J.: 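What follows is a structure written as structure tokens; I'll ask about it next.
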There are 2 protein chains.
Amino acid sequence: MDLRQLRIACSSCSLRELCLPAGLEAREMARVDRLVNHRRKLRRGEHLYRAGNPLAVLYAIRSGFMKTCALHDDGREQVAGFHMMGDLLGLDAISSGRHMCDAVALEDSEVCEIPFAYLEQLSRELPSLQHQLHRIMSREIVRDYGVMLLLGTMKAEERLAAFLLNLSQRFAARGYSATEFNLRMTREEIGSYLGLKLETISRAFSRFQQDNLIEVRHKHVRIRDPERLRLLIGQQCP
Amino acid sequence: MDLRQLRIACSSCSLRELCLPAGLEAREMARVDRLVNHRRKLRRGEHLYRAGNPLAVLYAIRSGFMKTCALHDDGREQVAGFHMMGDLLGLDAISSGRHMCDAVALEDSEVCEIPFAYLEQLSRELPSLQHQLHRIMSREIVRDYGVMLLLGTMKAEERLAAFLLNLSQRFAARGYSATEFNLRMTREEIGSYLGLKLETISRAFSRFQQDNLIEVRHKHVRIRDPERLRLLIGQQCP
DNA sequence: TGAATGCTTTGATGTAGGTCAAAAGGGGTG
DNA sequence: CACCCCTTTTGACCTACATCAAAGCATTCA
């Protein structure tokens, strides 16, 4: 095993418990190592894939931060999700063999390429890999239901609160601070994700700051009162 | 093979090309037949499962019409989807082993039960079954992106137009009329799905009727001008 | 270092859709 | 068959968020 191989082994990756091989045993992990042969670096703003591109590989985010955008024929688009280390991208392409959304790096990022055909083959041999893949796809479906709930039933400030708490929780799961982080996306991208305009996002941020729920300064956010933020979500009006 | 077995064989089911075994060869289909041992009948209003129920089986809708509802802790809920013959339900439960939404029959319905553990096992042996399962899960993810786009970027009438065209297209795919059908859900349920109030749905229906796009009488809908309906969706305002 | 550019904030005003209310159908049930 | 209840329609009014506009900051690049 040469150095290059070693460098991209899942078994020695710090994200292995968050990512595709979560829960695999050493012997299984060794086989998954061979699944991932390539990494790809992306500069901020660069597309990982675009709607229409044929599916060849899935991508596991190794570092950085990305967004996926759903698009309508008429040019409208909406941020469908923000993705960070350990997240698996490209699942939308399995149904038709072509990507159905765009994926864009919001900061310099690195992804591991997972050949999909090989993943299917290997997951036939490794039940726990198979199950993990199913869990990841199912988790994405559940996440989507959450976004629908947010877009369909919540008011502006509830949406932003939910968004911040979700980010916070995901950073925490990756060993970063749950209360202090930098936003990688613009107000406009947050707005797109939450079904709101950037001005509304900005105003909601200002209001949260006034109420001492958070401190925001440009991209930097500190959550001062996660409990009240959480409470705010339950407050569907009268 | 006794009569009971025969009765629920996928291989002789008229929905087989829409459902889980789509695209399988005869030999593979025979094995899938053994996957499905039970059917379950539901009366209108009855729950197929509720959030929190443990995952044991997935459900393929054999006949009837169902809704799934995503729910938030605070009691808010939203219709996450409407489902008809050939659709596979329960995928949300794979990630955690428990259902994350409710599924309710909107009319008397029948579903086939597919033991999930056995499905995973069999799909390890039948690559095309495995791939079809992946495609179905991916299709659900893509569908969800479409709903997000709808909820995040469209106006009321665009949403309703998109909803009607989607129903129309799905009925057509099942051999029913694309232009004339009965709605199985209430205005309130349509509203919930589309992130709108029932009054808004009602007004939009009236407006479409005035404009000769459709005829509506209670639950019965006839689409008179699908083309203009389609055009209406592209019309994001100035 | 300074100019250019792209974000963000904040204010003033407009409007799509929500809310409240009432009446009219329809369908199921005894 | 008649009653009741649930759904739907329609009108009048209200509000949360969008839109328009302008100024203030950062970051980048020359």
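No experiment lies behind these values; they were computed from the predicted model shown. In the text below, chain A, chain B and the rest are named by the order of the sequence lines, each starting its count at 1.
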J.: Please report the interatomic distance CG(B/Asp102) to CG(B/Asp92), rounded to the nearest 0.5 Å.
T.: 9.5 Å
J.: When you get a sec, tell me which of C/dT19, C/dT8, D/dA18 is the closest nucleotide to the side chain of A/Lys197?
T.: D/dA18
J.: Could you pull out the closest heavy-atom pair between B/Leu229 and B/Ile214, with the gap in Å?
T.: CD2-CG2, 4.2 Å
J.: Between D/dA18, D/dT8, C/dG18, spot the one nearest the side chain of A/Thr200, thanks.
T.: D/dA18
J.: Tell me the interatomic distance from B/Glu189, atom CD, to D/dT8, atom P, rounded to whole angstroms.
T.: 9 Å
J.: For A/Arg207 and D/dA16, give me the distance from atom CZ to atom P, rounded to whole Å.
T.: 11 Å
J.: Could you go over nucleotides 26-28 of chain C and give all protein N or O partners under 3.5 Å, atom names and distances?
T.:
residue: C/dG26; atom: OP1; partner: B/Arg217; partner atom: NH2; Å: 2.6
residue: C/dG26; atom: OP1; partner: B/His218; partner atom: NE2; Å: 3.2
residue: C/dG26; atom: O5'; partner: B/His218; partner atom: NE2; Å: 3.3

J.: We want to know whether A/His72 and B/Thr153 form a side-chain donor-acceptor pair, criterion being a heavy-atom distance below 3.5 angstrom.
T.: no
J.: With respect to the side chain of A/Arg187, which nucleotide from C/dT9, D/dC20, D/dT8 is positioned closest?
T.: C/dT9
J.: How would you label the contact of A/Leu196 with the nucleic acid (heavy atoms, under 4.0 Å): base, sugar-phosphate, or nothing?
T.: sugar-phosphate
J.: Side-chain N or O of B/Ser206 versus OP1/OP2 of D/dT10: is the shortest distance under 4.0 Å?
T.: yes
J.: Looking only at non-hydrogen atoms, find the nearest pair between A/Leu71 and B/Leu149 and report the distance.
T.: C-CD2, 3.6 Å
J.: Does A/Lys219 place a side-chain N or O at less than 4.0 Å from the phosphate oxygens OP1/OP2 of C/dT8?
T.: yes
J.: Whole Å only: how far is the CZ atom of A/Phe205 from the P atom of C/dT10?
T.: 13 Å
J.: Take atom CE of B/Met154 and atom C1' of D/dA18, then tell me their distance rounded to the nearest Å.
T.: 18 Å
J.: Is there a donor-acceptor contact under 3.5 Å from the side chain of B/Ser95 to the main chain of A/Ser138?
T.: no
J.: To the nearest Å, give me how far apart CG (A/Leu194) and P (D/dA18) are.
T.: 11 Å
J.: When you get a sec, tell me which of C/dC7, C/dT10, D/dC17 is the closest nucleotide to the side chain of A/Ala156?
T.: D/dC17
J.: As a test of reading the structure: which of C/dA16, C/dT19, D/dC17 is closest to the side chain of B/Arg203, going by heavy atoms?
T.: C/dT19
J.: Does any N or O in the side chain of A/Asp211 come within less than 3.5 Å of the main-chain N or O of A/Leu213, such that one atom is a donor and the other an acceptor?
T.: no
J.: Could you work out which one of D/dT10, C/dG17, C/dT10 sits closest to the side chain of A/Ser202?
T.: C/dT10
J.: So what does B/Gly195 touch, heavy atoms closer than 4.0 Å: a base, only the sugar-phosphate, or nothing?
T.: sugar-phosphate
J.: If the plane angle is over 60° it's perpendicular, under 30° parallel, otherwise tilted; pick one for B/Tyr59 and B/Tyr49.
T.: parallel
J.: Where the side chain of B/Asp108 meets the backbone of B/Arg44, is there a donor-acceptor pair that is under 3.5 Å apart?
T.: yes
J.: Rounded to the nearest Å, what distance is computed from the CD atom of residue A/Glu188 to the C1' atom of nucleotide D/dA18?
T.: 14 Å
J.: Please state how far atom CD in B/Glu199 lies from atom C1' in C/dA16, giving the value in whole angstrom units.
T.: 14 Å
J.: For B/Leu198 and C/dG17, give me the distance from atom CG to atom P, rounded to whole Å.
T.: 15 Å
